[in-house]
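Okay, structure first, notes after.
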Number of protein chains: 2
Amino acid sequence: MPRTSASIVYKTLKDRILSGTLAAGDHIREEELATDLGCSRTPVREAIRQLEAEGLLELSPHKGAYVTSWTDEDIAQIYQMRLLLEGRASKLAASKIKEFHLEKLCVLAEEMERASKGTRPDRFSLITDLNNAFHGIVHEASGETMLISTLKGIIQVSMVRNTFSLYSKEQLSRSMNHHRELITALSHQDPEWAEAVMHCHIRSARWVTKPRS
Amino acid sequence: MPRTSASIVYKTLKDRILSGTLAAGDHIREEELATDLGCSRTPVREAIRQLEAEGLLELSPHKGAYVTSWTDEDIAQIYQMRLLLEGRASKLAASKIKEFHLEKLCVLAEEMERASKGTRPDRFSLITDLNNAFHGIVHEASGETMLISTLKGIIQVSMVRNTFSLYSKEQLSRSMNHHRELITALSHQDPEWAEAVMHCHIRSARWVTKPRS
DNA sequence: TAAAGTCAGAATGTTATCAATGAGGACGAA
DNA sequence: TTCGTCCTCATTGATAACATTCTGACTTTA
């Protein structure tokens, strides 16, 4: 899909940030990254600016780019935003959802369950991708373009810290149950139920990376 | 404040879009803008990419950038988002607001009233700036960094179409009254009242650019 | 010793130039 | 006329080299 150098750099850099290869606060040198990826500085700069706009990088003039460090307070606020926005998305989706949405959700839920019971070492990143796709379908079903694009940015940020590899067996199973319950609520076209399930789902995810306090 | 060429181009271009100098759908050529502003294409490219990330420009490969055309549906959805997010910001602000916030809000409300009663030809852009500052203080008082930054992007977009020059005398006066009422609600630390006033304020603004349908 | 000034080095900001791509029109055949 | 092909040109994509600015370390001086 991405055929320009800039988009390749973008994707690579974003992967490294989301996967934790690049840690919070790390300094990114344009030249270094350019030679590393075998292109000139211009595409690298473009990728960096784009990631800055998404909030994954912070850049200060003449100094360079740094991987954004999120405070615990930031993370807490991001979850509050997800609560508000994904709650609304679920609510809206319940009234508008189409059959093919429900079918996709079922398939994704099933694949996630299969993946979570497996033992492949890369299963967590697979679950992450499936989970993102699942939430994406719910958002799409809400039919609100603006809500969808806002959510995309916010969720991405909350994914920097949250990995399914941190989930306990119990937490993972609860998450899967939420997916099932959400599908049921949506298929019954019950907005309040759908919103409530989503609230449970997000609130429970909130406590994975940060057990107490 | 902005000392790099790229940020100057960014600011200039953004002003032109928000002020309507550049209309929806207008084509922007890198070369053209570069010679116009007396710099090379690179800073222009950077500014364009940044504005694309903010949603003000749409970028199609090998063709160039176009000023985003918002459909009526988009505008409606943006107001829904503002309703949700600014409502929450007002609610939170009510419990946390400090005395100096209230003082600033009073000053701004007063200046807006004075400006709206004046006859200076540039009074509408003045009111716009004051109004943005007013809402900014409310957001700031909410103390939620993430909410604030999300709102900044959304409001900016909703400002492309909405100008106080379109307000009738009655609408303008109602808007001023909302500001006063919001200050009172906030000073009484009544979250529900503050939220309700903000809802009224945004819903009434919704019907300025688009009288019916 | 501490404070201020200076300078070298490194990184980003900017430019000019070349390469590649796709849009749109001219042309011809069915 | 309509469709398809090819060609041309405008515009973006990418590179390398130059300019500017910041940082931090070294020197000087009181």
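Letters A, B, ... are given to chains in the order of the sequence lines, protein chains preceding strands, and every chain is numbered from 1. Source: prediction; values computed, not measured.
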Kindly give the atom pairs (protein nitrogen or oxygen, nucleotide nitrogen or oxygen) under 3.5 Å for nucleotides 20-23 of chain D.
| unit_1 | atom_1 | unit_2 | atom_2 | d |
| --- | --- | --- | --- | --- |
| D:dC22 | OP1 | B:Arg3 | NH2 | 3.1 |

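To the nearest angstrom, C1' of C:dT12 lies 15 Å from CG of A:Leu57. Taking atom CZ of B:Arg49 as the reference point, atom P of D:dA14 lies 9 Å away to the nearest angstrom. Note: CD (A:Glu32) to P (C:dA10) measures 14 Å, nearest angstrom. Between the OH atom of A:Tyr66 and the C1' atom of C:dT12 there is a distance of 11 Å, rounded to whole Å. In this entry the distance linking CZ of A:Arg41 with P of C:dA11 reads 10 Å, nearest Å. Taking atom CD of B:Glu30 as the reference point, atom P of C:dT21 lies 17 Å away to the nearest angstrom. Going from atom CD of A:Glu31 over to atom P of D:dT15 covers 12 Å, rounded to whole Å. The interatomic distance linking A:Glu46 (CD) with C:dG13 (C1') rounds to 15 Å, in whole Å.
Between B:His135 and B:His179, the ring-plane angle classifies as perpendicular under the 30° and 60° cut-offs.
In this structure, the side chains of B:Gln156 and B:Lys14 come closer than 4.5 Å at one or more pairs of heavy atoms. At least one side-chain heavy atom of B:Leu130 sits under 4.5 Å from a side-chain heavy atom of B:Leu126. The shortest side-chain heavy-atom distance between A:Glu73 and B:Thr145 does not fall under the 4.5 Å cut-off.
Separating the CD atom in A:Glu46 from the CZ atom in B:Arg45 is a distance of 4.5 Å, to the nearest 0.5 Å. Once rounded to the nearest 0.5 Å, the distance linking SG of A:Cys106 with CZ of A:Arg180 reads 6.0 Å.
The residue B:Leu59 sits apart from the nucleic acid: no heavy atom pair falls under 4.0 Å. B:Arg29 comes within 4.0 angstrom of the backbone, heavy atoms only, and of no base. Residue contacts shown for A:Ile28 are limited to sugar-phosphate atoms, with no base heavy atom under 4.0 Å away.
Distances shorter than 4.0 Å separate some side-chain N or O of A:Ser5 from OP1 or OP2 on D:dA14. Distances shorter than 4.0 Å separate some side-chain N or O of B:Arg45 from OP1 or OP2 on D:dG13. Between B:Ser40 and C:dT15 there is a side-chain N or O to OP1 or OP2 distance below 4.0 Å.
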In sequence, state the C-alpha distance, the side-chain angles, and the governing distance for B:His199 and B:His178, and then conclude on ring-ring contact (aromatic ring centres under 6.0 Å, His included).
CA-CA 10 Å; B:His199 279 175; B:His178 286 151; over 10 Å; no
